[in-house]
Protein chains: 2
Amino acid sequence: MSTLVKIRAMRDSMSNHEQRIADFVLENVESVRAQSSKALAEQVGVSQSSVVKFSQKLGYKGYSDLKLSLTESVARSAMLPKAIHGDIAADDDLATVAQKLIARKNLALNETVMANSEKVLLQSAETLLSAKRILLFGVGASSLVARDVAYKLMKLGKSVLVENDTHVQVANAATLGQGDVVFAISESGVTQDVIRVAQAAASQGAEVISLTRFARNPLTELATHSLFCVANESEARSSSILARTAQFMITDLLFILLSQRDEKANELFERSRQAVKVLRRDS
Amino acid sequence: MSTLVKIRAMRDSMSNHEQRIADFVLENVESVRAQSSKALAEQVGVSQSSVVKFSQKLGYKGYSDLKLSLTESVARSAMLPKAIHGDIAADDDLATVAQKLIARKNLALNETVMANSEKVLLQSAETLLSAKRILLFGVGASSLVARDVAYKLMKLGKSVLVENDTHVQVANAATLGQGDVVFAISESGVTQDVIRVAQAAASQGAEVISLTRFARNPLTELATHSLFCVANESEARSSSILARTAQFMITDLLFILLSQRDEKANELFERSRQAVKVLRRDS
DNA sequence: ACACGATACCAATTTTTTATTCCTAATTTT
DNA sequence: AAAATTAGGAATAAAAAATTGGTATCGTGT
């Protein structure tokens with residue numbers, strides 16, 4: 001669904017007419033696929049050139065390119081396990097809730113993977129692998145994800161900094177420089193604390209990897225590598241369950257990539273596992 | 001793959017030049033998708049009109065239509081669950097790793113739900129709902145899950161204790177009594193620290209909810225309500241990714257059950273969300 | 001073997017579609 | 001309020017696709 005996700009993500013930063021095109025496309029994907037730019041323009045009530053410009057603004061070469069990519073994503077998403085639609089309702093019974101939750105998590109996982117470019121993922125992995133030091137952080141719920149990544153990176157023998165206190169974070173960031181990496185996690189991408197730290201680090205020459213929702217936001221602007229989460233968290237009830245699920249998808253994926261790359265990984269990992277085993281027995 | 005199948009099926013009943021076009025398309029699906037009829041014609045060494053006729057003979061409106069349908073089938077087949085089975089290998093490429101990871105997470109989610117009895121899940125929810133105080137803990141990676149649950153319970157207005165330091169945990173447990181609940185998370189179910197705390201709490205009359213791997217273990221023996229995770233973590237490489245995924249499945253499920261039950265939940269939750277929003281804007 | 005119809009194929013042309021350019025109006029910035 | 005940037009459309013250029021018309025080729029029946 002990547003193209004549709006992209007359109008949805010950029011919708012809010014679009015102009016009047018562009019939004020109208022976006023809405024129409026989102027509503028009528030199927031019919032758009034078979035229409036020419038002129039026909040679409042007429043239906044929406046804008047000029048043909050606007051449709052072409054809309055396509056180009058989304059990053060496509062032109063309208064044909066958009067259409068191609070649109071059919072591609074539609075075909076892709078049609079192959080995904082059909083999720084039970086509709087939000088989890090207050091009177092759903094346990095089995096239904098469980099089923100819906102699984103379906104939604106699954107959708108978040110799939111869409112998150114599709115929302116990210118292979119290139120950026122691989123580059124991020126390389127960057128982390130060759131980093132001298134890695135500063136991880138996130139605010140609120142994301143801080144747990146940051147901490148999880150930190151544990152994993154430690155297992156790989158990386159030098160890692162995690163810290164909840166934002167003041168300490170800024171202080172830490174100030175000590176970073178060339179060859180160091182900041183991994184910033186923020187669902188919204190607008191949290192000031194995170195931006196401040198990223199800014200501090202970037203200005204010292206450290207690389208910044210961001211993990212945010214799939215939309216333009218201040219954090220991605222700062223980042224050297226932007227990773228994205230897709231979580232269609234329509235209702236408040238679900239808290240940030242899906243956002244977290246999506247974040248972990250990316251961090252887990254990165255971790256696996258790192259393990260694959262780092263030849264010493266398995267050895268070191270095994271050693272640390274043994275150490276824990278010993279501890280467990282002793283205590 | 002339907003389009004490619006169709007081409008292959010009709011290939012034999014085609015004329016000389018048409019077969020040449022068919023062969024080229026079958027060999028170079030990817031590049032054809034981006035080519036115009038003229039370009040394709042040149043590559044194959046036939047006229048542009050032949051390419052159009054070829055498309056029409058296959059049942060498409062024209063060349064563009066064929067191209068669209070071609071990308072569609074390619075996308076479809078790319079999405080087909082390829083090598084779902086088998087571990088993630090060191091030389092799997094990114095797409096494969098992602099697919100396998102999703103498949104494994106999905107399996108963990110489903111099996112975890114199936115491993116738990118509805119009754120225990122519902123009882124656990126009720127227990128948490130009516131608890132005076134809730135002490136949460138887990139060791140290592142599980143401690144993050146505990147913390148996540150703590151955040152969510154706080155949003156619901158529950159009185160929660162989370163603590164990493166095991167000594168403090170024991171001290172905390174000692175203060176618990178009738179009406180209090182311990183939520184203990186431990187993948188193995190044998191970690192001494194966890195058991196000690198659970199024991200202390202249980203002896204004071206507090207209820208114990210355990211979340212462990214799906215097997216008999218000391219912790220479930222102690223627990224009033226035993227919840228289980230299923231994570232087929234065959235290889236070391238995956239670290240505790242699947243275990244964590246499974247643990248979150250259960251805690252997320254519990255959280256939703258609680259939200260459903262607690263009428264005040266949405267209101268309180270909304271309030272806390274607003275508070276965070278304000279903070280964000282100020283800072 | 002030859003004529004007949006059918007099909008294959010291409011070049012040229014027409015039609016359709018797409019992309020660009022250039023201009024105006026609106027909006028934002030200074 | 002002036003300047004600069006941006007949104008959007010009309011007109012046009014460019015490109016691509018589809019049709020046409022005609023010749024060559026193939027197969028079939030006589």
Side-chain angles (χ1 to χ4, degrees), chain A residues 3 6-26 28-73 215-216 218 221, chain B residues 3 6-26 28-73:
Chain A
T3 308
K6 192 191 261 176
I7 294 177
R8 213 173 292 132
M10 297 189 76
R11 204 209 96 106
D12 289 333
S13 62
M14 280 176 175
S15 66
N16 202 335
H17 279 210
E18 283 171 341
Q19 285 195 4
R20 267 168 53 200
I21 301 174
D23 292 344
F24 186 90
V25 171
L26 290 172
N28 309 70
V29 204
E30 283 301 325
S31 64
V32 166
R33 291 184 352 171
Q35 271 175 331
S36 69
S37 61
K38 192 179 147 205
L40 173 59
E42 267 167 22
Q43 289 229 356
V44 180
V46 299
S47 73
Q48 178 257 340
S49 59
S50 293
V51 173
V52 174
K53 283 180 191 156
F54 168 81
S55 314
Q56 290 171 336
K57 206 166 268 182
L58 279 167
Y60 299 101
K61 238 192 74 192
Y63 177 67
S64 332
D65 199 21
L66 166 70
K67 241 171 46 174
L68 224 60
S69 153
L70 210 53
T71 52
E72 193 177 358
S73 346
R216 245 169 173 264
E221 300 294 318
Chain B
T3 309
K6 193 192 261 176
I7 294 177
R8 213 170 290 130
M10 298 187 73
R11 202 208 98 107
D12 289 333
S13 61
M14 281 175 176
S15 68
N16 202 335
H17 279 211
E18 281 171 343
Q19 284 194 7
R20 266 165 58 199
I21 300 174
D23 291 344
F24 187 89
V25 171
L26 289 172
N28 309 69
V29 201
E30 283 300 325
S31 64
V32 166
R33 289 184 354 169
Q35 271 176 331
S36 68
S37 61
K38 193 179 148 206
L40 173 59
E42 267 167 23
Q43 290 230 0
V44 180
V46 299
S47 74
Q48 178 256 342
S49 55
S50 295
V51 173
V52 174
K53 291 240 180 76
F54 168 81
S55 313
Q56 290 171 335
K57 207 167 266 182
L58 278 167
Y60 299 101
K61 238 191 76 193
Y63 177 67
S64 330
D65 200 19
L66 166 70
K67 239 170 47 173
L68 227 59
S69 157
L70 211 53
T71 55
E72 194 175 357
S73 337

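So that the names make sense, note that chain A is the first sequence line, chain B the second, and so on, each numbered from 1. Worth knowing before you read on, the calculation uses all heavy atoms, side chains too, and leaves out hydrogens, waters and symmetry mates.
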Give the nucleotide from the list [options] with an atom nearest to the side chain of [X].
X     : options               : value
B/S64 : D/dA18, D/dG8, C/dA11 : D/dA18
B/S36 : D/dA16, C/dC10, D/dG9 : D/dA16
B/V52 : D/dT19, C/dT18, D/dG8 : D/dT19

Answer yes or no: does a side-chain N or O of [X] lie under 4.0 Å from OP1 or OP2 of [N]?
X     : N      : result
A/S15 : D/dG8  : yes
A/S50 : D/dG9  : yes
B/K53 : D/dT19 : no
A/S37 : C/dT18 : yes

Distance, rounded to the nearest Å, where [X] contributes [atom1] and [N] contributes [atom2]:
X     : N      : atom1 : atom2 : result
B/I21 : C/dA8  : CD1   : P     : 12 Å
A/K61 : C/dT17 : NZ    : P     : 18 Å
A/H17 : C/dA26 : NE2   : P     : 12 Å
B/Y60 : D/dA17 : OH    : P     : 16 Å
A/Q19 : D/dA7  : CD    : P     : 12 Å
A/E42 : C/dT16 : CD    : C1'   : 13 Å
A/F54 : C/dA19 : CZ    : P     : 14 Å
B/K38 : C/dT13 : NZ    : C1'   : 15 Å

Practice item. Tell me what B/Q56 touches on the nucleic acid: a base, only sugar-phosphate, or nothing, going by heavy atoms under 4.0 Å. Key: sugar-phosphate
Check your understanding: Touch check for B/V46, heavy atoms < 4.0 angstrom, all strands: base, sugar-phosphate only, or nothing?
Key -> sugar-phosphate
Exercise for review: Report yes or no: is there a donor-acceptor pair, N or O only, under 3.5 Å between the side chain of B/Q48 and the base of D/dA18?
Suggested key: yes
**Study point:** Expected output: side-chain B/K67 to main-chain B/S37 donor-acceptor under 3.5 Å
**Key:** no
Measuring from atom [atom1] of [X] to atom [atom2] of [Y], what distance do you get when rounded to the nearest 0.5 angstrom?
X     : Y     : atom1 : atom2 : answer
B/K61 : B/S69 : NZ    : OG    : 13.5 Å
A/L58 : A/T3  : CG    : OG1   : 9.0 Å
B/K53 : B/Q48 : NZ    : CD    : 10.0 Å

Check your understanding: Do A/T71 and B/E72 have a side chain donor and acceptor closer than 3.5 Å?
Key -> no
